[in-house]
Protein chains: 2
Amino acid sequence: MAKAVTEKTLSRRTQIVSVATRLFHEKGYNATSMRNLAEQLGIEAASLYNHISGKDALLQQICFDMATHYNAHMEEVETASCTAIERVEKLVRFHIGMMLTHFEEVYVTNRDWKHLKEPLLANFLQQRKAYEKRFSRLVEQAVLAGEIQAVHPHAAVLTILSAVRGIEFWQRNPRNISAEQLEEDMVKILLKGLRK
Amino acid sequence: MAKAVTEKTLSRRTQIVSVATRLFHEKGYNATSMRNLAEQLGIEAASLYNHISGKDALLQQICFDMATHYNAHMEEVETASCTAIERVEKLVRFHIGMMLTHFEEVYVTNRDWKHLKEPLLANFLQQRKAYEKRFSRLVEQAVLAGEIQAVHPHAAVLTILSAVRGIEFWQRNPRNISAEQLEEDMVKILLKGLRK
DNA sequence: CCTACCGATCGGTAGG
DNA sequence: CCTACCGATCGGTAGG
């Protein structure tokens with residue numbers, strides 16, 4: 001039966017995705033059951049299927065929303081008028097900012113994209129690969145401009161992205177160091193490490 | 001353990017742990033069933049319980065063997081006769097080496113320790129916290145010696161450990177860059193970034 | 001959005 | 001190391 005997409009079902013769906021994001025973050029995709037999710041929403045598990053096609057669709061929404069967000073920002077950085085290394089710094093700060101302000105979505109996407117079903121998995125990986133290639137090209141331009149020391153762009157991007165992702169450990173246990181100082185120290189170490 | 005020893009001459013239990021490490025790495029702890037594991041060994045799932053007490057015991061073995069290994073190396077570094085920043089470099093290179101030569105165990109430990117049952121989980125976390133504290137202290141000493149710039153030791157350790165952990169992405173997709181060059185570039189970026 | 005229920009799969013046990 | 005099984009839980013469906 002064809003169901004008209006009303007404003008009500010849209011907002012309900014958005015609400016479901018939001019709660020799912022929180023649960024996926026807390027317990028992981030596989031360990032979160034549709035019964036867990038339904039319970040948090042105060043309904044029965046079977047009722048979820050009036051709003052979403054299945055568990056897969058929730059993960060899909062989270063991961064592809066993130067991919068779109070990252071791609072849009074890359075576009076911005078590429079067209080900004082500044083030096084190559086300033087572009088790289090913008091990206092570093094953007095990724096740190098995402099870990100601080102959109103932590104749950106980023107975390108779930110980083111960890112649980114593996115559970116996407118084909119052909120979505122291939123699509124996601126292709127987008128991710130393309131993103132890293134654009135990032136690498138910006139690093140390469142900074143190397144050619146003499147603003148970054150002679151390192152392989154892939155190695156630089158890998159070091160940056162994984163260092164930033166490590167903020168998830170700080171999120172789990174914010175010690176005697178503030179978010180601001182962590183961001184400044186990490187930018188300091190990474191940018192100084194890259195510079196010529 | 002001697003390299004000439006093949007899987008078949010190892011004790012049955014050791015062999016089970018070895019295959020479990022491979023499967024946990026490939027599919028994750030939760031997604032690996034005792035039936036998967038038994039199938040790889042050519043026996044029935046029920047037969048596994050003649051050698052191990054349960055699925056938990058396999059994860060326990062992997063995680064605590066790694067913890068012991070890391071602690072032993074930290075002991076070595078702390079007692080080595082060299083400068084503070086040389087100690088930090090030794091640790092960076094050790095962690096990179098572990099990602100390259102003991103990849104599956106390290107990866108499983110990093111990702112799946114969350115599935116340890118209490119009281120093992122608390123024990124593991126306490127060991128990890130203590131290890132990071134020792135690491136931080138070495139960084140702090142290098143800062144006090146004027147060999148490392150003014151950054152919060154926690155931020156430095158977080159940046160180092162997470163950057164190194166990122167080698168898992170290289171492992172999944174070794175591109176146009178060799179393990180050796182990746183190690184050298186990462187050490188270059190991190191150490192230059194830390195230095196005064 | 002509900003009740004009622006399905007087939008599949010899980011970790012693990014009994015008993016040989 | 002096996003056969004035979006257990007209770008629990010899963011994602012999802014039928015039909016209202």
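Within every chain, numbering begins at 1; the chains are lettered A, B, ... in the order of the sequence lines, protein sequences first and strands thereafter. Values below: every heavy atom of this structure, side chains too, minus hydrogens, waters and symmetry copies.
- Distance His51(A) NE2 to dC1(C) P: 4 Å, rounded to the nearest Å.
- When the shell of 6.0 Å around NZ of Lys114(B) is examined, it contains more than 12 heavy atoms from other residues, nucleotides or ligands.
- Distance CZ (Arg13(A)) to C1' (dC1(C)): 18 Å, rounded to an integer number of Å.
- Annotation: side chain to side chain contact (heavy atoms under 4.5 Å, CB included) contacts of Gln127(B) (sequence neighbours excluded): Phe64(B), Ala67(B), Asn71(B), Asn123(B).
- Between the C1' atom of dT13(D) and the CG atom of Leu48(A) lies a distance of 14 Å, rounded to the nearest Å.
- Within 4.0 Å of Ser53(B), counting heavy atoms only, lies no atom of the nucleic acid at all.
- Comparing Ala46(A) and Lys55(B) by the nucleotide of DNA chain C that holds the closest heavy atom to each, the one mapping nearer the 5' end is Ala46(A).
- In this structure, Glu44(B) places its CD atom 13 Å from P of dC10(C), rounding to the nearest Å.
- Regarding contacts with the backbone of dG12(C), every side-chain N or O of Arg35(B) stays at 4.0 angstrom or more from both OP1 and OP2.
- Regarding contacts with the backbone of dC10(C), a side-chain N or O of Ser33(B) is found under 4.0 angstrom from either OP1 or OP2.
- Rounded to whole Å, atom P of dG15(C) lies 18 Å from atom OH of Tyr49(B).
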Practice task
Would you check, one step at a time, whether the test side-chain contact (heavy atoms from CB on, under 4.5 Å) holds for Ser11(B) with Thr14(B)?
Solution key: CA-CA 5 Å; Ser11(B) 80; Thr14(B) 306; 2.8 Å; yes
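- The CG-P distance, from Asn36(A) to dT9(D), rounds to 11 Å in whole Å.
- In this structure, the CG atom of Leu23(B) is 12 Å from the P atom of dG11(C), given to the nearest Å.
- Pair assignment for dA4(C): dT13(D), on the basis of Watson-Crick or G-U wobble contacts that are both within less than 3.5 Å.
- Annotation: the span from Asp112(A) atom CG to Leu58(A) atom CG amounts to 12.0 Å, rounded to 0.5 Å.
- Rounded to a whole Å, the CG atom of Asp56(B) is 11 Å from the C1' atom of dG12(C).
- Taking only side-chain atoms of Met34(A), from C-beta outward, the nucleotide of dC1(C), dC1(D), dG11(D) with the closest atom is dG11(D).
- Just one residue in the list Gln40(A), Glu105(A), Glu104(A) forms a side chain to side chain donor-acceptor pair (under 3.5 Å) with Arg22(A), and that residue is Gln40(A).
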